[in-house]
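Below: one structure, written as structure tokens.
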Amino acid sequence: MSTSRQWQTFNSASAGFLRDADVLVIGGGPAGAWAACSAAAKGARVVLVDKGCCGTSGATASAGTGVWYVAPEPAKRLAAMESREKLGGYLQDRAWMARVLDRTFESVNLLAEWGYPFPQDDDGELRRNNLRGPDYMKLMRRQVRKAGVAILDHSPALELLVDEDGAVAGARGLRRQQGDTWAMRAKAVVIATGGCAFLSGGLGCNVLTGDGYLMAAEVGAVLSGMEFSNAYAISPAFSSVTKTLFYGWATFTYEDGSPIPGAGSHGGRSAIARTLLTQPVYCQIDKADAATQALMRVSQPNFFVPLDRAGIDPFRQRFPVTLRLEGTVRGTGGLHLTDETCATGVPGLYAAGDAATRQLICGGFTGGGSHNAAWAMSSGFWAGAGAADYARQSTRASRRHFQAPAGVALNDNGAAEFDPAGITRAVQNEVLPYDKNYFRTEGGLSGSLAKLDSLWAVVRGAGQSAVERVVKAREAAAMLATSRWMYRSALVRTETRGMHKRDDFPELDHRQRFYLISGGLDDVHVWARPAAHHPVLENAA
Amino acid sequence: MIEVVSDTRCILCNKCVQVCPMNVFAAVKDAPPIIARQEDCQTCFMCELYCPADALYVAPDVEQITHVNEHAVQANGLLGSFRGVGWAIADGADSPMDQSFRLTSRG
Ligand SMILES: Cc1cc2nc3c(=O)[nH]c(=O)nc-3n(C[C@H](O)[C@H](O)[C@H](O)COP(=O)(O)OP(=O)(O)OC[C@H]3O[C@@H](n4cnc5c(N)ncnc54)[C@H](O)[C@@H]3O)c2cc1C
Ligand code: SF4
Ligand code: SF4
């Protein structure tokens with residue numbers, strides 16, 4: 001078995017697997033796959049690493065997504081932008097929404113050219129608003145390979161490397177099926193590691209532990225909108241399948257069968273969460289007629305598989321449901337972007353997909369989806385192109401020196417390592433409960449932060465993790481760091497906006513239409529930046 | 001969670017080892033892979049989808065091991081059945097079964 005010795009040899013660049021690239025993409029979900037393709041299309045030499053496997057890993061591959069695909073007709077586009085602004089708390093930026101609508105239209109049409117089998121409607125038109133995960137991501141892996149990108153599966157990145165000026169110079173990680181390490185020199189890096197769902201068991205989400213946020217923050221990047229990080233999704237109580245569309249046809253009931261007032265999938269999840277605090281909640285998809293039921297089965301077969309296997313007929317029988325935290329996966333917080341190339345402000349570092357903030361197009365709420373998928377393909381496309389352009393212009397040649405930040409779990413300070421499972425459980429205790437994270441209060445947030453800060457002190461003081469535990473240790477540390485940006489931001493936003501609900505400030509406060517930026521690891525800081533100009537709101541004021 | 005690797009069906013291709021996002025399986029020389037880290041299984045069904053021999057069964061419970069009986073899931077046709085529920089590219093078919101546009105325009 002490998003020991004921590006092997007890990008220490010990293011700095012001498014004697015990693016098991018050393019390689020050079022113009023652009024390194026970390027994460028192979030839709031955002032990373034599009035980034036790799038667009039960087040390669042610009043002539044860059046690209047390597048993509050994934051913690052799991054590009055094509056099956058991440059939220060999209062197993063879940064599938066509706067897509068914000070809107071024909072380029074001005075009236076339709078305007079309606080699409082307006083329709084979600086209120087839900088998102090008017091934090092969207094119309095210029096970004098327009099760009100994403102344009103880019104998504106192009107990219108989805110490319111998918112059709114590449115062979116994605118979009119269904120036809122009765123008029124013979126292809127309907128391109130939905131992508132089934134396993135099909136979409138299998139196709140994307142094929143395209144990434146066709147583009148000449150080298151893919152390393154089961155190769156989680158653990159930290160970024162910087163040069164003497166602090167510009168990002170590569171990354172290093174583990175090849176966990178070989179039991180050795182990799183190091184990569186790259187002129188630019190795209191973080192596409194997805195969001196952070198705190199190992200809550202949502203569909204495809206346990207690979208999503210906020211690793212990219214931690215790596216980026218260690219080299220100086222900051223985050224935005226981390227208060228919008230408490231997306232909870234409905235699933236059967238025993239199941240991972242957090243696909244929620246069909247709950248629009250459901251009735252939610254108490255144990256005795258009587259309906260729970262106000263409970264529903266859209267706008268009624270709070271009532272479900274409040275009930276779950278004290279008793280089980282049941283559900284039956286009783287409002288779908290036979291024709292609808294048949295459409296449901298062919299459209300989202302993975303919704304039914306766990307129910308079928310458990311012997312439950314969801315149309316005729318009640319089954320217990322729960323709410324699983326999806327954090328920033330269907331939340332909107334993530335790495336702050338400084339320009340239209342999806343740069344992070346750290347030279348050479350780009351971010352895309354759920355790893356980046358989606359406030360620019362969703363504000364503080366993503367709800368029934370489609371924006372996330374549009375964002376992943378658009379931001380991925382731009383980040384890959386931006387990284388390739390940066391790499392081409394880069395005068396920083398291979399003479400660069402590497403430095404590793406040697407952050408938590410990687411710091412060889414001689415102290416004992418921390419227990420990743422213990423830290424993970426302690427973080428989950430603060431972020432999963434509905435009475436702490438769904439319904440937030442000053443007292444609750446402060447109490448949690450006191451515990452999370454002291455956990456950080458433990459992790460910070462601990463020594464280097466052994467190779468066989470280092471992935472879980474970095475995941476635990478990333479979830480811990482994420483929870484502190486999330487709750488510090490939530491404490492500062494003394495209002496209810498988007499998915500951020502403060503029981504002690506239940507109303508939206510018009511003076512708080514701003515973005516909250518958060519950053520820092522030992523000391524977490526939060527500050528406000530003005531939101532984008534809004535044509536209607538500001539004329540009315 | 002993943003509960004069954006059928007030794008009688010497995011053709012030793014190690015596809016499941018490659019596609020599992022959580023690295024739950026471990027390859028074994030000249031033998032079917034073993035479920036090495038069951039507690040890490042996220043119940044995403046991807047291994048079952050990619051197994052060419054219908055040799056895998058992912059039980060629906062993400063919270064606990066339910067001690068599924070291999071013969072029972074084989075007898076009732078469930079073994080490997082996540083394949084064939086209607087995927088297109090991932091199933092090697094190209095038929096667009098997806099009708100969700102009819103649902104989103106209604107619901
Ligand atoms: C059940 C469910 C339903 C959804 N439905 C919709 C919908 O209908 N419409 C919509 O728009 N959105 C939907 N979403 C959200 C959507 O799936 C995500 O926004 C989208 O997957 C984001 O893409 P991504 O590439 O950024 O991240 P992901 O697809 O999550 O991929 C991230 C990748 O990064 C890899 N990774 C993580 N850490 C590391 C590391 N340290 N090193 C290397 N690789 C790493 C992971 O293995 C993974 O492959 C849904 C999400 C869920 C969970
Ligand atoms: S994918 Fe199926 S056939 Fe291949 S090794 Fe795994 S269980 Fe065996
Ligand atoms: S269900 Fe998913 S996580 Fe579990 S073993 Fe199969 S592929 Fe791996």
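Below, chains carry the letters A, B, ... as their sequence lines are ordered, and counting in each starts from 1. Being a predicted model, the structure only gives us computed values, none of them experimental. For the numbers below, each heavy atom of this structure counts, side chains included, while hydrogens, waters and symmetry mates do not.
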Practice task
To the nearest 0.5 angstrom, please state how far the CD atom of B:Gln42 sits from the OG atom of A:Ser57.
Solution key: 7.0 Å
Completion exercise
Bottom line for B:Cys20: the part with an atom under 4.5 Å from chain A's heavy atoms is backbone
Completion exercise
The interface call for B:Met46 against chain A, heavy-atom contacts under 4.5 Å, is side chain
Practice task
Residue by residue, scan residues 73-81 of chain B and write down, ordered by number, those that have a heavy-atom distance under 4.5 Å to chain A; if none do, write 'none'.
Solution key: B:Leu78, B:Ser81
Handout entry: Lys/Arg N to Asp/Glu carboxylate O, B:Asp40 vs A:Lys472, below 4.0 Å
Key = yes
Completion exercise
Bottom line for B:Glu48: the part with an atom under 4.5 Å from chain A's heavy atoms is side chain
Exercise for the section: Kindly indicate whether the side chain of A:Phe238, heavy atoms from C-beta on, has any atom under 4.5 Å from the side chain of B:Thr66. Expected result: no
Problem - Contacting region of A:Val305 [heavy-atom separation from chain B under 4.5 Å] - result: side chain
Exercise for the section: Run the salt-bridge test on A:Arg309 and B:Glu3 with the 4.0 Å N-O cut-off and return the result as yes or no. Expected result: no
Practice task
Please flag which part of A:Leu245 lies under 4.5 Å from any non-hydrogen atom of chain B: side chain, backbone, both or neither.
Solution key: side chain
Completion exercise
Among residues 137-146 of chain A, residues within the sub-4.5 Å heavy-atom range of chain B, in order of number, are A:Lys138, A:Leu139, A:Arg141, A:Arg142
Handout entry: Which portion of B:Val68 sits near chain A, non-hydrogen atoms under 4.5 angstrom
Key = neither
Problem - Residue A:Asp121 versus chain B: region with a heavy atom under 4.5 Å - result: both
Handout entry: Side chain / backbone / both / neither for A:Asn130 at chain B, heavy atoms under 4.5 Å
Key = both
Problem - B:Glu63 side, atom CD; A:Thr322 side, atom OG1 - distance, nearest 0.5 Å - result: 8.0 Å
Problem - Side-chain touch A:Arg127/B:Arg102, heavy atoms, less than 4.5 angstrom - result: no
Fill in the blank from the handout: Among A:Met296, A:Lys51, A:Gln177, the residue with the most heavy-atom pairs under 4.5 Å to chain B is A:Gln177
Completion exercise
Filtered by a 4.5 Å non-hydrogen cutoff, the part of residues 52-60 of chain B contacting chain A is B:Tyr57, B:Val58, B:Pro60
Handout entry: Residue A:Cys54 versus chain B: region with a heavy atom under 4.5 Å
Key = neither
Completion exercise
For residues 297-306 of chain A, the side chain to side chain donor-acceptor pair (under 3.5 Å) pairs (sequence neighbours left out) are A:Arg297-A:Asp308
Handout entry: Minimum side-chain heavy-atom gap A:Ser62-B:Phe45 below 4.5 Å
Key = no
